[in-house]
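So the structure is just underneath, and the comments pick up after that.
The chain is numbered in sequence order, starting from 1.
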Amino acid sequence: MDHFNKKNTEFPIVIYTDTVLSTGGKKIDRSKYTLSEIGTPIIPNDMIVNNQVAIHFENKFLLYPILLTFGLWILTILFFIKKFVERTYKKLVI
C-alpha cells in the first residue's frame with residue numbers, strides 16, 4: 001500500500017461532541033470529514049494546511065458555573081461591606 005498517494009488521513013484521536021478540529025487557523029466544518037468506526041477523524045488531505053491539525057474542546061456549559069461562582073463571590077463581598085458600613089455608622093451615631 002502506497003501511503004503517499006492516499007486522499008485522506010486518519011488521525012489517532014477520538015472525536016467527542018464538543019471537539020473542534022482546525023488547520024491553518026481555520027476550523028474544519030464537521031461535514032467536511034468523516035469518522036471511523038471508533039470515532040477517529042478521517043480528513044481529506046487537501047484540507048490539511050502545513051501537515052498540521054489542531055484539536056480543542058469547546059465546553060459551553062462550563063462557563064455558567066464559573067460565572068455563577070464569580071457572581072456569588074461579588075454578592076458575598078458586597079454583603080460584608082454593607083454589614084461593615086452599618087456597624088461603623090452605628091458606632092459613629094451613638
Pairs under 3.5 angstrom only: tabulate donor-acceptor contacts from the side chains of residues 34-41 to other protein residues two or more places apart or in another chain.
unit_1: S36; atom_1: OG; unit_2: I38; atom_2: N; d: 3.4
unit_1: S36; atom_1: OG; unit_2: T40; atom_2: N; d: 3.2
unit_1: S36; atom_1: OG; unit_2: T40; atom_2: OG1; d: 2.6
unit_1: T40; atom_1: OG1; unit_2: E10; atom_2: OE2; d: 2.5

Same apolar cluster: V14 and I42, side chain cutoff 4.5 Å
no
At what distance, to the nearest 0.5 angstrom, does CG of L21 lie from NZ of K32?
14.0 Å
What do you reckon, is CG of D29 surrounded by more than 12 foreign heavy atoms closer than 6.0 Å?
yes
Answer yes or no: are there more than 12 heavy-atom neighbours, outside F57 itself, under 6.0 Å from its atom CZ?
yes
Whether the side chain of T9 engages the backbone of N45 through a donor-acceptor N/O pair (distance < 3.5 Å, no angle test) should be reported.
no
For residues 68-85, please give each side-chain donor-acceptor pair under 3.5 Å, one per line with the distance, not counting sequence neighbours.
unit_1: T69; atom_1: OG1; unit_2: P65; atom_2: O; d: 2.8
unit_1: T76; atom_1: OG1; unit_2: L72; atom_2: O; d: 2.8
unit_1: K82; atom_1: NZ; unit_2: E86; atom_2: OE2; d: 3.4

Nearest-0.5 Å distance that lies between atom CD1 in I28 and atom CD1 in I48:
7.0 Å
Hydrophobic cluster identity match, M47 and I13, side-chain contacts under 4.5 Å
yes
Validation row: F11, I55 side chains within 4.5 angstrom (heavy atoms)
no
Kindly say whether V53 contributes a backbone atom to a donor-acceptor pair with the side chain of T23 at under 3.5 angstrom?
no
